[in-house]
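One structure below.
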Amino acid sequence: MATDFTLNGKPASFDGDPETPLLYVLRDHLGLTGTKYGCGIAQCGACTVHLDGKNRRSCVTPVSMVSGRQVTTIEGVAGKEAEAVHNAWVAIDVPQCGFCQSGQVMSAIGLLRIKKKPSDSDIDAAMAGNICRCATYVRIRQAIHDAAHALEA
Amino acid sequence: MKAGALALGAAALTLGIAIAGQAREQKVEGLRPVSAFAGIADPGARSVAIFTEMGKVIQHPRCVNCHPRTDRPLQGDAQLPHDPPVSRGPADRGMAGLECGTCHGPRNVAFANGKGSVPGHPEWHAAPIAMAWEGKTLGQICQQIKDRKRNGGKSLDQIAEHNAHDSLVGWGWNPGPGRTPVPGTQAQFGELTRAWVASGAKCPAG
Ligand code: FES
Ligand code: FES
């Protein structure tokens, strides 16, 4: 039976094994390769998407779990938090190689939707599951503060 | 897709092996039934002996790992700190942006690329700090379980019911591929708890 869900605001469907990770469906079947495969076991955060608006690791999300729900990826994420994070990221050139960054950006947006003015420790706690091999952590934290300030203004 | 199907096939195979392994371990590491304690004439001594048997479940890593004494749960039989480094947060369900539900879903999910699984349950969360068991003796845990201020306001009968039927407690016997289940069955654990309560709910010393 096909799994139907909403992907970036549009209807989407996957007709295959319902245990297939959402990450594989996004990348291999629906052609949305912005969401990255890092570890496949919920250890790195590269595969972070939003499920009904909240951060979710798509590598450990069987597609059956998103049936009837809203999935948002880096390609479709929108709204004031997304815009603020995008601008803040560009302003200080957060990425180095970039591989982890779509996951970082999705996690940062997910955080700012819940916590408008996160402290350093709020940021560290929220981003603890997003690993960056290039160690851009200091810029990530700065950009999240910058985005929060921009949202306040 | 072929690689994905292969990976899933491998995961299914692992699951089969894991289940076979669990069955073997349960035989070795079972729980003694309530009847095994009938020969202890003194009710207080019987009660302590029954709780000590319950301790095989209570002090198992599957249970203690989510009853941490710090804000960070533990993982695995080696009881290492949870990785990624999560924190219990204000409602024991994680921190804003990295909640338990960021990775844990309503059921165990086998990894698609190898052995193991991410555990899950609809109510997946850490036990409140008042219910911390990590690093405590069985006697201390016993006193804690009886103390309404530290047991979620439960009567002893409610504790027995909780141990017998709560499905998050029950997860311990169904922890998913890659994890050792707690010994025995939840039904046995429930019966032991009822017998412990009926015999006066006495705690081991220390
Ligand atoms: S790919 Fe999902 S957390 Fe690493
Ligand atoms: S920018 Fe290279 S891994 Fe994060």
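All values below come from the heavy atoms of this structure, side chains included, with hydrogens, waters and symmetry mates left out. Chain letters run A, B, ... following the sequence lines, proteins first, then strands; residues in each count from 1. All values reported here derive from a predicted model rather than from experimental measurement.
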**Message:** I want to check something: taking the side chain as every heavy atom from C-beta on, are B:Cys63 and B:Val57 in contact at a cut-off of under 4.5 Å?
**Reply:** yes
**Prompt:** Just wondering, more than 12 heavy atoms not from A:Lys116 lying within 6.0 Å of its NZ?
**Reply:**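 Yes.
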**Asked** Near B:His121 NE2, under 6.0 Å, is it more than 12 heavy atoms from other residues, nucleotides or ligands?
**Response**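 Buried by this count: over 12 neighbours within 6.0 Å.
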Could you have a look at [options] and say which one has the most heavy-atom pairs with chain B under 4.5 angstrom?
options	answer
A:Pro62, A:Pro118, A:Ser107, A:Gly110	A:Pro62
A:Leu51, A:Ile114, A:Ile123	A:Ile114
A:Asn55, A:Leu111, A:Thr48	A:Asn55
A:Arg113, A:Lys115, A:Met127, A:Lys54	A:Lys54
A:Gly40, A:Gly45, A:Cys44	A:Gly40

**Message:** Only pairs of heavy atoms separated by less than 4.5 Å count here; which of B:Thr102, B:Asp83, B:Val86 has the most with chain A?
**Reply:** B:Thr102
**Message:** Heavy-atom pairs under 4.5 Å with chain A: which of B:Gly101, B:Gly89, B:Gly94, B:Gly97 has the most?
**Reply:** B:Gly97
**Request:** May I ask you to say whether B:Arg194 pairs ionically with B:Asp157, meaning some side-chain N is under 4.0 Å from a carboxylate O?
**Result:** no
**Message:** Can you confirm whether the thiol sulfurs of A:Cys134 and A:Cys97 sit closer than 2.5 Å?
**Reply:**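 No, A:Cys134 does not link to A:Cys97 through a disulfide.
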**Asked** How about A:His29 and A:Tyr24: are their ring centroids closer than 6.0 Å?
**Response**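 No.
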**Prompt:** Of the backbone (N, CA, C, O) and the side chain (C-beta and beyond), which part of A:Cys59 lies under 4.5 Å from a heavy atom of chain B, both, or neither?
**Reply:**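 It is neither, since no heavy atom gets under 4.5 Å.
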